[in-house]
Every structure is written in C-alpha cells, then in structure tokens.
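Step one of this worksheet: look at the structure below.
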Amino acid sequence: MTLALHVCRYCDRLITEPEDAVPVGYELGTSGSGWIVWAHSQHPLLPGPDATPRNILAHILITRALQPDD
C-alpha cells in the first residue's frame, strides 16, 4: 500500500501526518475526473489564494489570442 501525500491549499506545505489532513473541497478537472483539495486541520476555514488576478489575466490573453493580427 502506498501512502498518499497531500499538500495544504492554504500554506502550500506538505501534510506529513495523515490524521492532520482535512478535505476542504473538490476541484473539477478539465480532462477527466477532478481531485480532492486538502488542508491542515488548523487551516480549513482560512481563505485560499485570490483567483481574481489569474482570471483577469486569462481573459486578457484569450482576447488577444482571438483578435486578428493587424
């Protein structure tokens, strides 16, 4: 049996103790199934990273890619 290693979604550190891992959500995959999001037992209610800057950048890059070259 292999031990599954999890990374805390709040602090991005490895969760070394299995009893310290708490599932906090599920993230959908773009091709296939998704995965469970984990956190340390002291971090589950803390907010994750703000996705707004990433979403804005994605919209800008998509818009530029779809515009014809002048």
Side-chain angles (χ1 to χ4, degrees):
M1 183 172 113
T2 60
L3 177 65
L5 298 176
H6 306 295
V7 175
C8 179
R9 65 122 171 136
Y10 178 73
C11 67
D12 288 331
R13 294 188 183 183
L14 189 63
I15 302 172
T16 57
E17 299 296 325
E19 60 274 356
D20 192 29
V22 177
V24 293
Y26 186 80
E27 200 162 308
L28 297 174
T30 56
S31 59
S33 62
W35 54 89
I36 298 172
V37 179
W38 297 89
H40 286 105
S41 59
Q42 61 268 34
H43 293 160
L45 300 178
L46 296 174
D50 185 12
T52 303
R54 181 193 65 210
N55 293 341
I56 292 170
L57 179 61
H59 285 289
I60 291 170
L61 294 175
I62 290 169
T63 302
R64 285 184 180 174
L66 295 176
Q67 288 181 348
D69 293 334
D70 291 335

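Atom set for the values below is all heavy atoms of this structure, side chains included, hydrogens, waters and symmetry mates excluded.
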### Task
Would you check if the side chain of Tyr26 reaches a backbone N or O of Gly34 as a donor-acceptor pair within less than 3.5 Å?
yes

#### Entry: For Cys8 against Ala39, the heavy-atom pair lying closest together
SG-CA, 3.7 Å

### Task
Output the distance between atom CD1 (Ile15) and atom CZ (Arg9), rounded to the nearest 0.5 Å.
10.5 Å

### Query
If Ile, Leu, Val, Met, Phe, Trp and Tyr residues are connected whenever their side-chain heavy atoms lie under 4.5 Å apart, and connections chain through other members, are Leu28 and Val37 in the same group?
no

Check residues 51-58 and write down every donor-acceptor pair under 3.5 Å in which the side-chain atom is one partner and the other belongs to a residue at least two apart or another chain.
| from | atom 1 | to | atom 2 | distance (Å) |
| --- | --- | --- | --- | --- |
| Thr52 | OG1 | Asp50 | OD1 | 3.0 |
| Asn55 | ND2 | Ala51 | O | 3.4 |

### Task
Apply side-chain contact (heavy atoms from CB on, under 4.5 Å) to Ile62 and list each qualifying residue two or more places apart in sequence or on a separate chain.
Leu66

### Query
Within a strict 4.5 Å, meaning less than it, do heavy atoms of the Leu5 and Leu14 side chains meet?
yes

### Task
Please test Trp38 against Val7 for side chain to side chain contact (heavy atoms under 4.5 Å, CB included), starting from the C-alpha separation and ending with a verdict.
CA-CA 6 Å; Trp38 297 89; Val7 175; over 6 Å; no

### Query
Looking at side-chain heavy atoms only, is the closest gap between Arg13 and His40 below 4.5 Å?
yes

### Task
List for me each residue that meets side-chain contact (heavy atoms from CB on, under 4.5 Å) alongside Ser41, sequence neighbours excluded, and say none if there are none.
Asp20, Val22

